[in-house]
Amino acid sequence: MAELTELQKQLFELQDIKYRDFHSKLMPETAKEKIIGIRTPVLRKFAKVFAGTPELEDFLQQLPHQFYEENNLHMMLITGIKDYPKCMEEVQRFLPYIDNWATCDFPEPKCFRKNKKAVLEEVRKWIASTETYTIRYGIGMLMRLFLDEDFSPEYLEMAAGVQSQEYYVNMMIAWYFATALAKQWDAAVPYIEQHRLSDWVHKKTIQKAVESYRITSEQKEYLKGYR
């Protein structure tokens with residue numbers, strides 16, 4: 001292994017071996033030696049301090065990173081950028097380097113909520129990508145930002161139209177539709193009734209919806225009839 005950078009040394013000082021061993025089991029696609037083992041609240045605290053240092057810009061330019069936590073730190077730092085054009089530029093540059101579901105699924109940057117129209121145009125491009133985690137990120141943004149007051153039925157079509165053999169893409173589609181059933185039942189339930197999703201996504205959507213506390217008992221029983 002190459003000699004550790006100063007930042008990497010600081011991150012290893014936050015290491016929790018038991019947490020690394022536990023967390024690595026949740027991420028079979030990521031080599032264990034790439035995981036330092038830092039609990040998310042601890043890394044968030046570190047990110048807040050690091051965001052105010054001169055090293056920030058250099059770090060954002062240094063891609064790819066060596067460790068999983070460096071990727072998570074990168075995502076945390078991006079989500080804190082308040083200037084929308086700068087934030088989106090950094091998101092676009094980082095997306096091709098995301099290689100796991102956990103980094104991909106961090107909350108959206110706060111500035112995205114104030115620029116939804118512009119974000120939606122990027123979401124369309126991300127969903128049309130051939131990269132697993134770019135697609136997953138796009139569907140995730142569609143789920144987080146466009147299932148409430150800004151909802152349109154066409155967004156369900158966008159998610160349903162994604163054809164993939166990738167587990168982490170299909171899992172996100174199922175998560176999206178389970179959430180859509182909770183928030184936009186009337187628009188979403190025909191996708192189950194008419195079996196408009198792939199078999200795996202269809203079954204996983206019903207499973208996740210039935211497990212959800214946001215869906216009524218009556219709705220759950222109804223969905224079970226379409227398993």
Side-chain angles (χ1 to χ4, degrees), residues 1-51 53 55-56 58-80 90-109 126 129-141 143-144 162 164-179 200-201 203-205 207-208 211-213:
M1 184 188 291
E3 187 176 345
L4 295 177
T5 65
E6 283 306 310
L7 173 62
Q8 288 168 346
K9 288 175 185 175
Q10 292 176 55
L11 292 175
F12 269 94
E13 287 173 6
L14 306 174
Q15 185 180 50
D16 181 330
I17 297 291
K18 285 184 179 177
Y19 180 71
R20 181 199 65 187
D21 294 345
F22 163 74
H23 201 59
S24 66
K25 291 174 185 172
L26 303 178
M27 303 173 56
E29 77 279 14
T30 302
K32 191 173 180 178
E33 59 269 20
K34 285 182 169 275
I35 301 174
I36 299 172
I38 305 174
R39 294 179 183 273
T40 301
V42 175
L43 190 61
R44 282 195 191 284
K45 192 174 178 182
F46 179 87
K48 281 186 178 179
V49 176
F50 187 73
T53 67
E55 290 78 29
L56 170 64
D58 283 346
F59 174 72
L60 292 179
Q61 300 301 318
Q62 292 163 5
L63 289 166
H65 298 304
Q66 184 177 352
F67 294 102
Y68 160 70
E69 279 82 1
E70 289 180 284
N71 281 331
N72 284 358
L73 175 62
H74 197 124
M75 188 64 99
M76 287 176 181
L77 293 167
I78 286 175
T79 60
E90 292 299 336
V91 168
Q92 301 283 29
R93 212 160 54 77
F94 185 51
L95 277 179
Y97 296 96
I98 295 177
D99 60 1
N100 68 87
W101 64 265
T103 302
C104 188
D105 292 355
F106 267 87
E108 73 284 352
W126 294 333
S129 168
T130 56
E131 297 295 320
T132 297
Y133 294 106
T134 299
I135 301 169
R136 184 178 171 103
Y137 188 78
I139 298 170
M141 288 303 116
M143 179 178 72
R144 291 185 173 95
V162 175
S164 176
Q165 301 301 313
E166 293 288 342
Y167 171 84
Y168 290 104
V169 170
N170 286 327
M171 183 60 88
M172 180 55 85
I173 298 171
W175 185 9
Y176 172 83
F177 273 96
T179 307
W200 191 92
V201 173
K203 289 173 184 171
K204 185 60 71 172
T205 298
Q207 178 193 326
K208 291 178 84 65
E211 291 169 355
S212 172
Y213 64 88

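The figures that follow rest on heavy atoms only: side chains count, while hydrogens, waters and symmetry mates do not.
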Would you give me the side-chain donor-acceptor pairs under 3.5 Å for residues 69-78, sequence neighbours excluded?
unit_1 : atom_1 : unit_2 : atom_2 : d
E69    : OE1    : I36    : N      : 2.8
E69    : OE2    : I36    : N      : 3.4
E69    : OE2    : G37    : N      : 2.7
E69    : OE2    : I38    : N      : 3.3
E70    : OE1    : Q8     : NE2    : 3.2
E70    : OE1    : Q66    : N      : 3.1
E70    : OE1    : F67    : N      : 2.8
E70    : OE2    : Q8     : NE2    : 3.4
N72    : OD1    : T103   : OG1    : 2.6
N72    : ND2    : Y68    : OH     : 3.1
H74    : ND1    : H65    : NE2    : 2.8

Note to self: Using a 3.5 Å distance criterion without hydrogens, assess whether the side chain of R20 forms a donor-acceptor pair with backbone atoms of K32.
What the structure shows: no

Checklist line | Ring centre gap for Y97 and Y133 strictly below 6.0 Å | finding: no

Next item on the list: Walk me through it: do K18 and D21 pass the test side-chain contact (heavy atoms from CB on, under 4.5 Å)?
Entry: CA-CA 5 Å; K18 285 184 179 177; D21 294 345; 5.7 Å; no

Notebook entry, point to check: Can you tell me if NZ on K9 sees more than 12 non-hydrogen neighbours from other groups inside 6.0 Å?
Noted result: yes

Next item on the list: Determine, step by step, whether F46 and V42 satisfy the side-chain contact (heavy atoms from CB on, under 4.5 Å) criterion, reporting the C-alpha distance in whole Å, the side-chain angles of both residues, the deciding distance to 0.1 Å, and the verdict.
Entry: CA-CA 6 Å; F46 179 87; V42 175; 5.9 Å; no

Item checked: Donor + acceptor pair across side chains of E166, S164 (<3.5 Å) -> no

Notebook entry, point to check: Once the angle between the rings of F22 and Y19 is folded into 0 to 90°, is it parallel (under 30°), tilted (30 to 60°) or perpendicular (over 60°)?
Noted result: tilted

Notebook entry, point to check: Is it true that E211 and K208 have a side-chain N and a carboxylate O under 4.0 angstrom from each other?
Noted result: no

Check: Do you know the tightest heavy-atom contact between R93 and Q61?
Finding: NH2-NE2, 3.5 Å

Check: Got V91 and Y137 here, is their nearest side-chain heavy-atom distance under 4.5 Å?
Finding: yes

Notebook entry, point to check: With no hydrogens and no angle check, do the side chains of Q165 and W200 hold a donor and an acceptor under 3.5 Å apart?
Noted result: no

Check: S129 and I135: which non-hydrogen atoms are nearest, and at how many Å?
Finding: O-CD1, 3.2 Å

